[in-house]
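Here's the structure, in structure tokens; my notes come after.
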Amino acid sequence: MKTEGTAEGIERFTSPGKGRGLRALKHYKVGDLLFTCPAYTYVLTVSERGNHCEFCFARKEGLSKCGKCKQAFYCNVDCQRGDWPMHKLECSSMCIFKENWDPSETVRLTARIIAKQKTQTEKTAAEKLLTVSEFESHLEKLDNEKRELIQSDIAALHHFYSKHLEYPDNAALLVLFAQVNCNGFTIEDEELSHLGSAVFPDVALMNHSCCPNVIVTYKGTLAEVRAVQEINAGDEIFTSYIDLLYPTDDRNDRLKDSYFFNCDCKECATKGKDKAKMETRKMNEPPQPETIRDMVKYARNVIEEFRRAKHYKTPSELLEICELSLDKMDAVFEDTNVYMLHMMYQAMGVCLYMQDWEGALRYGEKIIKPYSKHYPPYSLNVASMWLKLGRLYIGLEKKSLGVKALKKAIAIMEVAHGKDHHYIAEIKKELEEK
């Protein structure tokens with residue numbers, strides 16, 4: 001196992017059967033911070049403009065808007081100046097295109113990488129162990145559909161960014177977009193709401209496991225990597241690339257589609273949680289294997305249908321999809337089945353959007369116990385669900401239940417985010433006020 005570079009407490013090495021990887025050089029206990037990585041570049045999602053600073057991602061009221069485009073918001077002049085090298089790529093374009101300005105987040109992020117690579121010739125603080133140019137693209141594994149999607153992104157890049165960018169040729173852009181698709185990160189808040197996208201090269205060095213020993217959280221635009229299992233010197237450091245709720249076959253389908261590999265971790269080898277995740281109704285005569293297969297197929301189809309429907313259907317129509325699918329699956333699946341949980345989670349999200357707090361709470365109360373069983377310890381999915389439940393309880397005058405739920409969220413977040421994270425301080429402040 002060849003060593004290829006080190007930082008304090010960790011090193012890059014060649015992981016047998018996996019290629020590049022990250023390895024611990026010392027012991028880490030649960031909750032320990034292994035390393036941090038500033039974003040090489042990043043972009044705030046459009047829907048959060050006005051709620052978060054475009055430069056530092058701080059969440060606050062009274063942000064000042066860009067005087068020219070009136071679309072970007074900042075804490076102060078320092079943040080605005082700091083963001084200008086990147087914001088100038090979009091500012092005049094937004095003024096010209098107005099409501100027709102709609103490049104995808106991937107296009108926006110890629111434009112910023114191109115701009116940064118023109119001006120930044122030295123390795124950045126984000127590239128101690130891995131540079132952006134070293135990112136895997138898996139170009140040779142892309143099917144025609146994925147290549148066509150990238151070509152659409154390239155067309156959008158030319159359309160919206162022609163004024164301020166010098167582009168590489170089409171072949172180089174194809175590689176770059178493929179690299180971003182495989183190595184980009186989503187930044188989320190404490191309730192796992194989407195805040196933006198970023199590139200964290202040293203974090204991207206970690207390989208995947210469905211039994212991860214670290215978790216990645218964010219403090220503004222800084223990624224922090226903490227242990228969620230005991231890690232000994234010499235152990236490889238594994239994160240999870242995907243949502244771990246689903247059974248083994250589903251997880252590997254996702255990994256194969258997005259990252260072009262199958263996982264061989266202990267959980268995938270033993271399928272230890274699959275039976276609980278695929279729980280079927282207790283009946284006098286258990287459902288036939290064919291009945292279960294058909295319902296799994298239906299569940300996967302309705303999940304995809306809902307994902308697409310979110311772009312064009314009304315909240316009431318979306319809630320109806322959730323309720324009808326739950327009624328149908330209920331004939332075969334227990335409430336603890338992950339496909340039931342998936343649609344309950346979607347229904348809860350729609351209820352929250354519609355400000356149907358009681359409806360959201362009903363779904364959340366059904367979700368939390370099986371979530372705690374299906375996810376690994378210190379899961380952000382479990383923490384965010386406790387947090388949502390706590391805030392719902394308090395809003396509905398159920399103070400004691402709210403306090404209990406918020407404390408459960410804090411217990412997980414103190415390990416995953418670190419005890420000094422501002423999210424935890426904000427939740428503790430909520431508790432004091434109640």
Side-chain angles (χ1 to χ4, degrees), residues 39-57 63 65-74 79-80 82-120 132 135 137 139 142 144-189 193-201 204 218 221 258 307-308 310-312:
Y40 176 85
T41 192
Y42 55 90
V43 61
L44 182 73
T45 198
V46 169
S47 61
E48 287 299 327
R49 284 182 162 160
N51 300 321
H52 292 260
C53 174
E54 201 93 14
F55 182 62
C56 71
F57 275 37
L63 295 169
K65 66 174 70 171
C66 170
K68 187 177 179 184
C69 69
K70 309 284 195 296
Q71 298 294 314
F73 291 78
Y74 300 99
C79 281
Q80 187 167 6
D83 194 48
W84 180 244
M86 293 298 145
H87 179 57
K88 73 179 181 184
L89 301 173
E90 299 181 342
C91 188
S92 57
S93 179
M94 285 193 289
C95 293
I96 294 164
F97 286 97
K98 294 186 169 63
E99 66 274 5
N100 295 319
W101 186 86
D102 64 346
S104 70
E105 218 158 281
T106 302
V107 170
R108 296 177 65 206
L109 188 62
T110 305
R112 291 174 181 224
I113 293 171
I114 293 167
K116 183 141 186 169
Q117 287 177 333
K118 291 289 182 187
T119 57
Q120 185 84 40
V132 170
F135 280 173
S137 69
L139 197 61
L142 298 183
N144 287 337
E145 184 182 356
K146 285 187 170 63
R147 285 175 179 268
E148 285 170 11
L149 288 170
I150 289 177
Q151 289 298 345
S152 296
D153 280 341
I154 291 172
L157 183 74
H158 284 289
H159 183 62
F160 291 110
Y161 290 88
S162 56
K163 186 173 178 182
H164 288 289
L165 272 183
E166 293 176 41
Y167 305 103
D169 62 26
N170 196 76
L173 284 174
L174 188 63
V175 170
L176 182 56
F177 272 102
Q179 288 174 318
V180 172
N181 287 339
C182 280
N183 295 279
F185 287 80
T186 294
I187 298 178
E188 296 168 324
D189 70 8
S193 295
H194 180 75
L195 295 184
S197 298
V199 173
F200 298 100
Y218 304 98
T221 61
S258 299
R307 187 186 67 79
R308 292 178 178 170
K310 282 199 284 190
H311 299 292
Y312 62 89

Using side-chain heavy atoms (C-beta onward) and a distance below 4.5 Å, is [X] in contact with [Y]?
X      : Y      : result
Val107 : Phe177 : yes
Thr110 : Asp153 : no
Leu149 : Asn181 : no
Cys69  : Glu90  : no
Val132 : Thr41  : no
Ile114 : Glu166 : no
Gln151 : Asn170 : yes

Got more than 12 heavy atoms from elsewhere within 6.0 Å of NZ, Lys98?
->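 No, because the 6.0 Å sphere around NZ of Lys98 holds 12 heavy atoms or fewer from other groups.
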Can you establish whether the number of heavy atoms outside Asn144 located under 6.0 Å from its atom CG is more than 12?
->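 Not buried by this count: 12 neighbours or fewer within 6.0 Å.
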Give the minimum heavy-atom separation between [X] and [Y], together with the two atoms involved.
X      : Y      : value
Cys66  : Gln80  : CA-NE2, 3.8 Å
Ser92  : Lys68  : CB-NZ, 3.7 Å
Leu142 : Ala178 : CD1-CB, 4.1 Å
Leu44  : Leu195 : CD1-O, 3.3 Å
Leu63  : Gly50  : CD1-O, 3.7 Å
Ala198 : Ile187 : CB-CD1, 3.8 Å

Between Phe200 and Phe185, how do the two ring planes meet: parallel, tilted or perpendicular, split at 30° and 60°?
->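 Because their plane-to-plane angle is over 60°, the rings of Phe200 and Phe185 count as perpendicular.
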Measure up the Tyr42 and Phe55 rings against each other and bin them: parallel (under 30°), tilted (30 to 60°), perpendicular (over 60°).
->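 Because their plane-to-plane angle lies in the 30° to 60° range, the rings of Tyr42 and Phe55 count as tilted.
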Please answer whether the main-chain N or O of [Y] pairs with a side-chain N or O of [X] as donor and acceptor at a distance below 3.5 Å.
X      : Y      : result
Arg108 : Thr45  : no
Ser93  : Phe160 : yes
Tyr167 : Tyr161 : yes
Asn183 : Gln179 : yes

Does the separation of the ring centres of Tyr40 and Phe135 fall below 6.0 angstrom?
->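 Judged by ring-centre distance (under 6.0 Å), Tyr40 and Phe135 do not meet the cut-off.
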Walk me through it: do Phe57 and Glu48 pass the test side-chain contact (heavy atoms from CB on, under 4.5 Å)?
-> CA-CA 10 Å; Phe57 275 37; Glu48 287 299 327; over 6 Å; no
Could you go through the side-chain contact (heavy atoms from CB on, under 4.5 Å) check for Lys116 and Met86 one step at a time?
-> CA-CA 8 Å; Lys116 183 141 186 169; Met86 293 298 145; 4.1 Å; yes
Identify, with sequence neighbours excluded, every residue that meets side chain to side chain contact (heavy atoms under 4.5 Å, CB included) alongside Ser152.
->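 If we apply the side chain to side chain contact (heavy atoms under 4.5 Å, CB included) test to Ser152, skipping adjacent residues, there are no hits.
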Residues His87, Met94; criterion side-chain contact (heavy atoms from CB on, under 4.5 Å); working and verdict = CA-CA 10 Å; His87 179 57; Met94 285 193 289; 3.6 Å; yes
Taking atom [atom1] of [X] and atom [atom2] of [Y], what is their separation to the nearest 0.5 Å?
X      : Y      : atom1 : atom2 : value
Leu174 : Ser137 : CG    : OG    : 8.0 Å
Cys91  : Gln71  : SG    : CD    : 9.5 Å
Lys310 : Tyr312 : NZ    : OH    : 12.5 Å

Is Glu54 salt-bridged to Lys65, going by a charged N under 4.0 Å from an acidic O?
->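 Between Lys65 and Glu54 there is no salt bridge, as every charged N stays at least 4.0 Å from the carboxylate O atoms.
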Stepwise side-chain contact (heavy atoms from CB on, under 4.5 Å) check, Arg147 with Leu139 | CA-CA 9 Å; Arg147 285 175 179 268; Leu139 197 61; 4.1 Å; yes
